[in-house]
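Read the structure below first, then the notes.
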Amino acid sequence: MNDIASKVLNGDPRSVARLITLVENSSPEGSRAMKDIYPHTGGAHVIGITGVMGSGKSTLISELTCEYRKQGLEVGIIAIDPTSPFSGGALLGDRVRMMELATDEGVFIRSMGTRGMLGGLTSAVYDVVEILDASGKDVVIVETVGVGQAEVDVIKIADTTIVILVPGLGDSIQAIKAGIMEIADIYVVNKADKPGVDQTVAEIESLVDISCSNRDRKTPVLTTSAKESKGIVELAQEIKKHKEYLEKSNEFEAQRRKRYEAELIEIIRKRLMNFIFDESTFKGKVELLIDQISKKEVDPYTAADEILGKILK
Ligand code: GDP
């Protein structure tokens with residue numbers, strides 16, 4: 001086993017950060033270490049948290065993390081939202097809870113941007129989840145802004161997905177539009193200290209009634225006020241109950257299998273893309289074909305056949 005892998009397995013935060021950087025850069029050393037740590041993964045409960053910007057995700061995640069720390073659990077946080085305060089910067093300084101989290105050895109926070117990651121974000125997130133899991137985190141929280149398909153794909157990695165909404169007209173409709181309804185295991189109406197909360201809860205519950213009518217588990221709708229630390233213990237309990245439900249109903253294995261399938265596809269996709277677009281000799285051929293396509297000398301389908309033909313021969 002290589003050095004970095006054994007240090008990650010011992011929970012060394014600097015090695016965790018280093019391995020994440022290595023895999024983000026598709027380094028062979030990173031791939032080797034991933035192979036070594038793999039047998040030690042699968043223990044962490046992966047929780048996806050999604051919702052529109054400003055719904056209080058970061059505040060809620062801080063509170064939830066504090067609750068897990070009180071229970072003696074170690075937590076990894078992956079923030080996909082590039083504007084998340086977890087990415088550091090000025091906002092972090094305003095938030096006492098987050099300051100505490102950032103200095104707590106039992107918490108590892110990593111933010112990941114979508115920039116410059118040609119189709120590679122999902123694969124990189126899978127890797128980071130595995131690394132945090134192997135480093136001994138009991139819970140890994142993945143935070144995304146639930147707007148695009150990419151975020152919805154990322155959140156599929158989670159064992160338990162929480163959709164956050166806030167009181168006010170149109171939020172639940174927004175959730176359906178984003179294709180989020182089908183991925184929610186728990187709804188949270190945050191900012192329950194604001195007016196209109198009962199109506200929002202009723203709206204979501206009526207949607208849940210329709211969509212869950214032929215399922216054996218009804219998606220619960222909780223209320224929290226993250227800012228006032230209210231409803232957090234109940235949320236942690238509900239998350240635990242969902243995991244127990246998954247395990248009892250054998251859905252846990254089925255869901256994990258889907259995750260591993262997606263992970264394998266992502267690794268193959270990433271390697272193929274790197275091979276075609278980064279490898280020096282091949283890149284020239286690709287550039288040439290693009291020139292020919294622009295001049296209408298070749299059509300893109302024939303060009304794709306030619307590239308794939310070279311790989312598969
Ligand atoms: P994110 O963009 O979803 O991560 O949202 P943030 O956690 O950054 O919160 C956005 C704003 O909403 C901040 O000003 C928070 O202080 C505020 N906020 C978060 N939770 C609550 C809450 O429960 N009640 C109220 N009134 N404000 C909240």
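Both counts, for ligands and for their atoms, begin at 1 and track the order of listing.
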Study note, to complete from the structure: In ligand 1, the atoms that come under 4.0 Å of a heavy atom of Lys194 are 26 (N)
Point to revise | Short N-O contact, Glu247 and Lys243, less than 4.0 angstrom | key: yes
Point to revise | Side chain, backbone, both or neither: Asp193 near ligand 1, heavy atoms under 4.0 Å | key: side chain
Review point. So which of Ser62, Pro167, Ala226 gets nearest to atom 23 (O) of ligand 1, if we judge by its closest heavy atom?
Key: Ala226
Point to revise | salt bridge (charged side-chain N to carboxylate O under 4.0 Å, His left out) pairs, two or more places apart, involving residues 6-22 | key: Asp3-Lys7, Arg18-Glu29
Exercise for review: Give yes or no for whether the N/O distance cutoff of 3.5 Å, strictly under, is met between Ser55 and ligand 1.
Suggested key: yes
Practice item. Taking only Lys NZ, Arg NE, NH1 and NH2, and the carboxylate oxygens of Asp or Glu, determine whether Glu261 and Lys258 approach each other closer than 4.0 Å. Key: no
Review point. Does the distance from a Lys or Arg side-chain N to an Asp or Glu carboxylate O, for Arg110 and Glu24, drop under 4.0 Å?
Key: yes
Review point. Given Glu143, Lys191, Lys227, which has its nearest heavy atom closest to atom 16 (O) of ligand 1?
Key: Lys227
Practice item. For Ser225, take its heavy atoms, then give the atoms of ligand 1 lying under 4.0 Å from any of them. Key: 23 (O)
**Study point:** Pair Asp193 + Lys227, salt bridge at N-O below 4.0 Å
**Key:** no
Review point. Non-hydrogen atoms of Gly51 versus ligand 1: any pair closer than 4.0 Å?
Key: no
Check your understanding: Is it true that Lys241 and Glu244 make a salt bridge, defined as a side-chain N closer than 4.0 Å to a carboxylate O?
Key -> no
Practice item. Any atoms of ligand 1 less than 4.0 Å from a non-hydrogen atom of Asn190? List them with their elements. Key: 20 (N), 21 (C), 23 (O)
